[in-house]
Structures are given as structure tokens and as C-alpha cells.
Amino acid sequence: MDFKPTLNLPDPDFTIPMKADLSQREPGIQTRWDEIGIYGLLLERRKDASSFVLHDGPPYTNGPIHMGTGFNKILKDFVLKSRLLMGHRVPYVPGYDNHGLPIEQAVMKKFSDQKITPTTVQLRKACREHAKVYVDLQTEQFRRLGIFGLWDKPYTTMDFRFEAEIIRVFKRLVELGYVYRGLRPTLWSPTAQTALADTEIVYQDVTSKAITVRFALRDAKGVPLLSRLQNVYALIWTTTPWTIPANLALAFHPDNDYDVVKVGDDHYILVHQLVDSVAQRVGWSHYETVGSFKGVEAEGLTFRHPIFDRDSVGVLADYVTTEDGTGVVHTAPGHGRDDFYTGLKYGLPVLCPVDERGYLTAEAGEFVGVYYKKCDSIVVDRLAELGHLVFSEDYPHSYPHAERDNQPVIFRATEQWFIHIDHNNLRERMLEMIDQKVQWHPKSAEGRFRSMISGRPDWCISRQRPWGVGIPVFYGADSRVPNLDPVAIEAVARLVEQEGSDAWYEREPGDILPKGYAHPQTGETSFVKETDVFDVWFDSGSTSLCVLEGNVEPEWKEHWPADTYLEGSDQHRGWFNVSMILGMAIHGDAPYGAVVTHGFVNDEKGQKMSKRLGNVVDPVEVCSKYGADILRYWAASVDYEDDVPCGDHLLQVAGEGYRRIRNSLRFLLGNLYDFDPNDKVEVAGIDQWIVEKADCLAEVCLEHYRDYRFKEALTAVHNFCVNEVSAFYLDAIKDRMYCDGADWPSRRSAQRACWSVLRTLTLLICPILPHTAEEVYSRMPGTKEATVLLESLGPVECVMDSHLHRQVEKMLEVRSWVFSEFETWKSSSQVRDSQDVVCQLAVSQDEAPALLSFGGDLALLFKMAGVEVTVGSRSVEFRAATWDKCERSRLRRPDVAKTRFSGEEVFLTDRDRRALSL
RNA sequence: GGGCCUAUAGCUCAGUUGGUUAGAGCGCACCCCUGAUAAGGGUGAGGUCACUAGUUCGAAUCUAGUUAGGCCCA
């Protein structure tokens with residue numbers, strides 16, 4: 001006799017399919033989201049709710065997305081969708097970073113492959129097109145990951161109005177007095193007469209003249225050892241003799257020991273570790289160390305420049321090594337980055353007596369007009385003549401050359417635009433914000449960021465590149481005096497707003513400035529334009545202002561500062577830093593309330609992904625192989641605060657975890673095909689218990705989401721599905737669900753619980769698995785919103801110590817012990833199915849009432865034919881049940897009796913007879 | 001070389017202010033079910049908490065150092 005038709009079995013067509021088939025199904029769900037205009041709909045429906053603003057850090061648009069950018073956007077989407085779940089209005093304007101060197105170089109390569117030398121304007125237009133291609137591609141790819149946002153109107157830093165707003169940010173800084181012009185060493189090609197970027201440099205082996213030079217001590221300050229001695233010199237070693245005329249300081253390492261070595265009548269200062277090797281090199285036959293002092297004492301010593309009548313001062317720097325040279329470093333602030341910052345620290349001028357063609361200037365005194373390379377002989381000869389050349393040698397080493405013409409480059413101080421970090425106490429105010437206002441996740445980010453702000457130099461915002469926003473400064477045509485008049489800057493902003501930053505290159509100053517405009521300082525009426533562009537970090541540092549203030553696009557307007565920034569940990573020095581500077585300078589506030597940082601994506605062994613190793617995982621491919629929800633499941637399962645592992649195996653593991661949750665949802669939903677959530681149903685016993693457990697889960701998860709702890713939220717949901725729902729509750733209600741009468745209160749109670757638990761779980765997974773949540777939601781019975789994302793999960797109250805909970809927990813504890821004992825018993829028994837076994841259980845006086853409260857249901861809860869409870873010291877015995885088996889419910893129960901049904905003799909329990917109306 | 005971070009079961013992760021036998025899920029082994037079935041249930045094995053030294057009655061946890069890895073800087 002087949003009783004199947006008489007049972008209320010789950011309906012496989014009603015619920016979601018077991019096979020997720022996400023790569024096929026997700027695009028359909030996304031199309032539906034597009035059709036209902038989900039992003040706009042969500043904003044509209046929450047227009048009166050409090051806004052949560054996550055301001056997007058713009059990825060660079062020179063290629064498709066990769067796992068790093070994908071991971072970042074997914075984490076952002078977790079934040080966004082979880083805030084949505086909490087009932088917030090959640091705007092999100094994704095952004096793209098377009099200007100800068102990588103695109104310029106990619107485009108230049110295309111030109112040079114065709115042997116074309118583009119004009120600046122041609123190059124810029126090609127860069128714009130290149131960037132546009134990847135803005136569109138990345139948008140499509142991010143959308144495939146299930147990221148919600150204003151994809152129809154993302155911000156792009158090359159947008160005309162955006163470029164204009166960047167210019168206005170500059171204008172505001174000028175008005176507030178943060179902008180100044182100063183010198184800074186740049187890599188410079190004398191042959192091409194242009195500044196170069198680090199990436200345009202190749203190193204080549206050359207042989208240079210390396211010289212060891214002595215600097216006479218002029219003032220020993222407070223170092224007694226040196227005061228006592230006559231003829232004291234510091235020894236330096238350099239491979240660039242042409243920078244000797246620019247020498248202003250000698251750098252010592254504060255922790256090194258410096259020896260004073262007597263050679264003939266002279267005393268030489270050099271680092272202890274190198275005394276012997278220097279002696280050998282310069283050929284001292286007799287030398288003795290007469291004393292030594294710590295490097296830190298050298299600070300403030302003054303030496304005489306070996307050629308000119310001026311001082312060279314003792315300074316401290318921790319980049320000084322004991323590897324080569326003498327341990328005393330020749331320092332020319334105009335000709336080296338280290339030298340420059342050391343000079344800055346000691347208030348030295350940035351002396352750069354070399355012009356753009358590589359010839360020494362009048363500042364180089366007697367060497368004026370000499371090409372810098374010639375100094376290898378001229379300067380060296382002069383040093384020898386004055387007796388300060390200790391040694392000269394040919395020295396093979398690798399030296400930077402320009403990639404384009406293969407000619408050597410030099411460090412040369414050039415005029416640049418800066419933002420003053422200490423103006424108006426900016427630095428101090430930033431540090432205060434870091435400590436007092438901004439929340440850092442993880443906590444350690446604070447210290448890291450703090451040390452970067454407290455130690456950072458002024459920000460050089462100018463670059464000698466073609467692809468960027470032109471710095472809107474007019475110079476007097478004759479005087480070359482820069483004009484920082486806000487009126488002139490605003491005129492540029494207006495132009496750029498209309499025609500883009502390209503127009504800065506295309507238009508003449510007279511076309512841009514108001515008629516009859518005169519230089520405020522010089523009165524000149526003819527001008528030349530600045531050719532430098534803004535550092536791209538200036539673009540991205542401005543984004544919170546450009547986007548959230550709504551000047552570029554009214555639709556973007558939200559409260560400033562943003563609530564949260566979420567980026568990779570490399571952005572401490574990058575975007576978090578520049579955003580802070582501009583936000584603080586302009587609005588006196590940090591641009592973010594919270595900063596969340598994440599690590600980088602590696603392969604499964606923790607190695608960097610690289611084409612060479614063949615371990616690259618592509619997020620878009622993952623979507624078509626496994627599905628976006630699997631990728632998102634993976635992203636939620638790893639510890640983003642550290643670097644995260646990713647690979648095929650981990651994605652499969654994620655898939656297994658996903659399927660586990662999916663199946664729980666599937667089964668819960670499968671039992672609801674004939675359920676109407678509007679019906680009044682009394683929920684009691686374990687049904688009530690599981691609903692309350694789910695509420696507690698919700699409370700815990702919402703807290704995790706609030707604290708950006710996605711992994712904890714996902715783990716909690718997963719474990720709930722496994723332990724509470726699957727291993728216990730669903731097993732326990734199957735009999736009622738299948739065999740009770742369809743509309744009996746006992747069954748409706750379980751259905752109500754399933755519905756409630758399902759709703760809670762569906763909403764809880766929504767931030768991480770939005771496609772799956774939508775799929776489940778769309779099949780749930782009852783009146784619903786157009787999308788699961790319109791639902792919210794308010795604050796839930798969770799009482800865990802109720803009488804009911806204590807009873808269930810006790811029962812589960814005993815149950816688990818009985819299961820363990822049963823395993824031992826069954827290994828030596830013929831009967832192996834617990835449903836064929838009666839257990840006789842003795843428990844303590846305290847435990848018994850909890851078990852007895854479940855009455856006859858205890859057998860169902862224990863999946864046994866019967867459970868007999870007595871009071872005593874805890875023990876259990878099993879025996880085979882002798883009762884007949886009900887052919888409908890498959891239960892062995894005392895009340896199973898032979899009954900006539902559909903013309904057949906069958907065994908049925910009382911309950912099943914009633915369910916069949918017999 | 002400097003600043004910051006990380007190291008716990010085969011895998012992904014928990015381990016609160018130092019305190020019983022270091023937990024979860026996955027995977028694995030064995031068993032059960034066959035009315036969640038390319039599902040579901042039960043039981044179990046599995047860890048020198050990177051290494052070394054120290055503080056302590058007691059250390060995965062605190063301190064110092066070492067090793068390996070990461071980000072940023074030099």
C-alpha cells in the first residue's frame with residue numbers, strides 16, 4: 001500500500017531547486033532587479049530613514065577587475081546590504097579613478113607601436129577613450145558580482161564637471177592658504193629636458209668616477225674629542241662629483257660609532273666598520289684610531305665646503321649605511337630625495353645649481369656653464385688642486401637612465417606645487433581626529449595611520465605629466481609670477497566644466513580669463529599657463545567633496561563626512577591619507593566616521609597571485625563557473641583583516657557551505673506550499689523554541705554586521721542551519737509535518753515556525769547571498785515586497801533563559817548523550833535503526849521534569865520507537881521494539897493496529913487513522 | 001634597514017580580563033536512513049597553539065628574541 005499520496009510531503013516544485021545553478025540563475029535575478037530599478041526603488045522607499053553613506057574609493061581604470069578589486073567591492077556590498085537590512089537608506093555612488101601614469105603609458109605604447117608621436121591633446125583624448133572602455137567594462141563586471149549602486153551615474157575623475165570640481169577644491173585650498181610653490185628634486189632627463197616618473201627609468205651598468213673627499217671641521221661644537229685635535233676632516237664618498245658644488249650637509253647615522261683615524265698629521269672621521277676598507281682603498285699605509293664618538297653627536301658640527309667658502313653642517317639620517325662609502329653621506333638637498341627630506345628637516349635651502357639642460361648655473365660659482373658630466377674631471381681636478389680629493393677611482397655600478405632615449409638622468413630640484421601640512425595646525429588637527437573621532441577596523445589601523453600622518457612631509461601635488469587635471473595657474477607672461485587669484489582659478493573651472501580639462505591645453509589664456517583681466521600682483525595682462533597636472537592622489541583625495549557635496553551631480557548629494565571608507569590596507573598611505581588632508585583642510589573634519597581596511601588576496605598557499613605562477617583567480621570567471629553568491633560566500637568566510645587565501649579548492653569549500661545553507665532553506669520552504677502566514681496559528685513547544693532561537697541568531701548577526709564582522713555572521717547562520725535546524729528541528733517535526741492532518745494545529749504550528757525561521761534566515765543571508773535570498777523570497781507564501789531587499793530586520797528581542805529554553809536545552813543534552821551510548825550499543829546489536837529501538841532512560845530528579853514535559857513526543861525527538869524515563873543515576877538501556885510498524889508514518893508505536901484502508905488490511909497508529917479520517 | 005600586521009586541527013576560522021581535558025564548521029573514517037535523496041542523521045579520530053627564552057602556582061593568551069609571510073616606507 002502506498003501512503004505517499006496521503007502525506008503532506010514537501011513540494012519540490014514549490015521550493016527552490018536543490019541544484020543552485022547560480023551561473024545560469026543569477027543573471028536572471030539581476031535582470032529582474034534592473035527591471036524594477038532596484039537601486040532607485042530602495043532609495044525611494046527609504047527616503048525618510050537615516051542615511052548610511054559608504055563613500056567609494058575609486059579603482060583605477062586601466063584593465064578589467066581582478067580578485068582584489070572584486071573582493072573590495074564585495075566587502076563594500078556586504079556593508080551596504082547589511083545596513084539596508086537594518087532599515088537605513090543606503091546610497092552608493094561607485095567611482096573610478098581615470099587620470100595618471102599607467103593609462104598614459106598604455107596609450108603611449110599604442111601610439112609608439114604605430115610610430116606616432118601624439119600631441120598632448122591627442123594623447124589626452126586617447127587616454128580618455130582608454131579609460132572609458134574600462135569604466136564600462138568594470139561597471140558590467142561589478143554588477144555581475146551583485147553589487148548595488150548608482151551604476152547609471154558613477155563618478156569618474158575625468159568627467160568634465162568632476163575635473164572642474166577638483167579645480168575648485170584647489171581653489172578652496174588656495175583661499176585657505178594651504179598652497180605654496182617650492183623646490184623638490186625630481187628625476188630629470190637633461191637630454192629630453194623633462195621630468196620623469198620612476199616607471200620610466202631603467203637601470204644600466206656604467207662606470208662613474210667615484211671620489212673620496214674630505215671636509216675640514218670648522219666647529220667641533222660640544223664634542224671634546226674633536227675639539228682637542230688639529231686638522232680634522234670628515235670623509236665622504238660619492239659617485240656623482242657634479243653634485244659636490246650643491247653640497248650643504250654631511251649626514252651621520254645617529255646610532256653608528258664613528259672613529260677618528262690619524263693619518264700623518266691629519267685626522268679623518270669615518271664610520272668604525274669601514275675604517276679598514278677605506279684605508280685599503282685610498283692607500284693609507286699607517287693609520288691609527290685615536291678615538292671615537294656616536295653619530296648622534298655629529299649633529300650640529302660644521303664643516304667647510306671643500307671648494308667654496310661656506311659651511312656644510314652635520315645632520316642625522318637613518319638611511320646612512322655601513323655598507324659602502326665612509327658612513328658619512330654627502331648631502332645635496334637639490335639632488336636627491338633623501339637629501340631633500342633631510343634638508344627639509346634641518347631647514348637647509350634646496351640648492352640646485354644645475355639647469356634643465358644639465359649645465360651648472362651661476363650658483364655653482366666657478367663651474368658655471370659646465371655640463372654636469374664634465375664635472376667628473378673639472379670638479380675632481382679642482383678638489384685635487386685644493387688638496388681635498390683623498391682618492392678617485394673608476395667605479396662600475398648601475399645608474400638610472402631614461403627609458404625613452406637611454407640617456408642617464410639626474411636628480412634635480414624643480415619648482416613644484418605643495419600643500420602645507422602644518423598650515424593652520426592641520427597636522428595636529430588630523431591627529432586629533434584620528435584619536436578621537438574616527439573608528440578604525442581593525443584597531444591596529446589607527447596606529448599605522450597615525451604614524452603616517454605625523455611623519456608625512458608636505459604634499460607635492462604637481463606632476464610633469466600630460467594625463468591629468470591641469471593645475472589652473474596662470475603665470476605673468478614676462479614676470480613668470482604665478483597668479484593664485486581665485487577669480488582666475490574659477491574661470492578655469494568654468495571652462496573645464498564645459499569642455500573638460502583638455503580645454504586647458506587647447507585654449508589661450510585670453511580665451512579663459514575675463515576680458516581685461518590683470519595679474520593682481522604685477523598688473524600684467526598677458527599670461528602663460530602652468531603645464532603641470534595634479535598628482536592623481538589629489539583627484540582621489542577630492543572625491544568625498546566632489547561627490548557628497550553634490551556640486552558635480554545633485555543626485556550624489558549626501559551628508560559629508562561619509563560614514564565609512566573601506567579599502568585595502570595600502571590605502572593608509574594613499575586614499576585614507578589624502579582624503580583626510582583635503583577633508584580636514586577644507587571642512588575641518590575627517591571625511592569618514594569609520595575606516596575599514598582589508599588585506600590582499602593571495603592564492604591558497606598564501607602566495608601572491610601572478611601570471612607567472614598561474615595561480616590567478618578571475619572573479620568574473622568564478623561567477624560563470626560557480627556563481628557570484630559562491631564568490632561572495634568565500635569573501636565572507638575568510639578573515640579580511642589579514643591577507644586572504646583564494647583558489648579553486650576554497651571556492652569549492654565555499655560551495656559546500658553554501659549548499660548546506662541552501663538545502664536548509666529549501667527544506668523549510670518546501671513545507672510551506674499550503675501555508676498562509678496571515679492565518680492565526682498558535683505556536684508552542686519546540687516550534688516556539690526554534691523561532692526564538694532564530695530571533696537570537698538575528699540579534700547576534702545584526703551586531704556582527706554592525707561591526708563589519710561578516711565572517712562571524714556567516715558562521716553563525718551556517719552553524720544554526722546545521723545544528724539547530726537540520727540536525728534537530730527539521731528532523732523532529734517531520735512526522736507532524738508529513739503525517740498529521742494538513743490543517744491540524746500541530747502541523748500549522750510547525751509551519752508557522754518554519755516560515756518565521758525561513759524569513760529570518762533569508763534576510764540574514766541577504767547581505768552576503770543576495771541572489772539566493774531573492775530566489776527564496778520570491779517563492780515564499782504570503783504578501784511580499786517587490787524584492788527581499790525592501791524587507792528589514794528590526795531590533796529583535798531575544799530571551800534565552802525562559803523555562804521553555806531550559807527544558808529544550810536539557811532535553812538536547814540528554815539526547816546527545818543517549819545518541820552516543822546508542823552508537824556503542826548498536827555495534828553489538830542486530831538492530832541498527834534507532835527507530836526500531838526503545839530506550840529506557842534514568843535521569844536525575846532535576847532532569848526528569850524537563851524530559852517528561854515533552855510527553856509522548858520524546859520518542860520523536862529522540863528518533864526512537866519509545867523513550868521511558870525514570871529517576872535515578874543517569875543510565876540508559878536499549879532494546880528492540882516489539883510493536884508493529886505503522887505503514888503510513890513508519891513509526892513503531894504501542895497503538896499501531898491493523899486497520900482496513902482502501903480495501904486493504906494495513907497497520908496504522910491512532911493518529912494516522914485520524915489523519916485518514918478512519 | 002624602519003613602522004604596522006599575521007602565524008591555533010588536513011582546510012577556513014573561534015578562543016573574552018592568563019585558570020579544568022584548546023572549540024566550531026568543513027573534510028576524513030565508520031554507521032544509519034532512503035518521504036530533504038547529486039540530500040539528511042549519528043558517532044568518532046584528528047592540535048608540541050610557528051620556534052626559543054623569560055615572567056607566573058599556572059601561558060595559545062603577558063614580555064623579549066628568532067623564523068616565515070604580508071602592506072607601507074627607506
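Residue numbering restarts at 1 for every chain, and letters A, B, ... go by the order of the sequence lines.
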Nearest-angstrom distance from the residue atom CG of A/Asn577 to C1' of B/G3: 14 Å
Centroid-centroid distance, A/Tyr708 to A/Tyr640, less than 6.0 Å: no
Touch class at under 4.0 angstrom, heavy-atom based, for A/Lys734 against every strand present: base
Any strand: nucleotide that pairs with B/C26 via Watson-Crick or wobble, under 3.5 Å: B/G10
B/C4 - base-pair partner by Watson-Crick or wobble geometry, distances under 3.5 Å: B/G70
Phosphate OP1/OP2 of B/G41: any A/Arg660 side-chain N/O under 4.0 Å: yes
Sugar-phosphate, base or nothing in reach of A/Arg709, heavy atoms under 4.0 Å: nothing
Nucleic acid footprint by protein, nucleotides 63-74 of chain B - heavy-atom cut-off 4.0 Å, B for base, S for sugar-phosphate alone: -------SBSSS
A/Arg736 side chain near B/G35 phosphate (N/O to OP1/OP2, under 4.0 Å): no
Sub-6.0 Å ring centroid separation between A/His272 and A/Tyr258: no
B/A36 pyrimidine/purine six-ring stacking with A/Phe667, under 5.5 Å and 30°: yes
Sugar-phosphate, base or nothing in reach of A/Ser820, heavy atoms under 4.0 Å: sugar-phosphate
Centroid-centroid distance, A/Phe728 to A/Trp689, less than 6.0 Å: yes
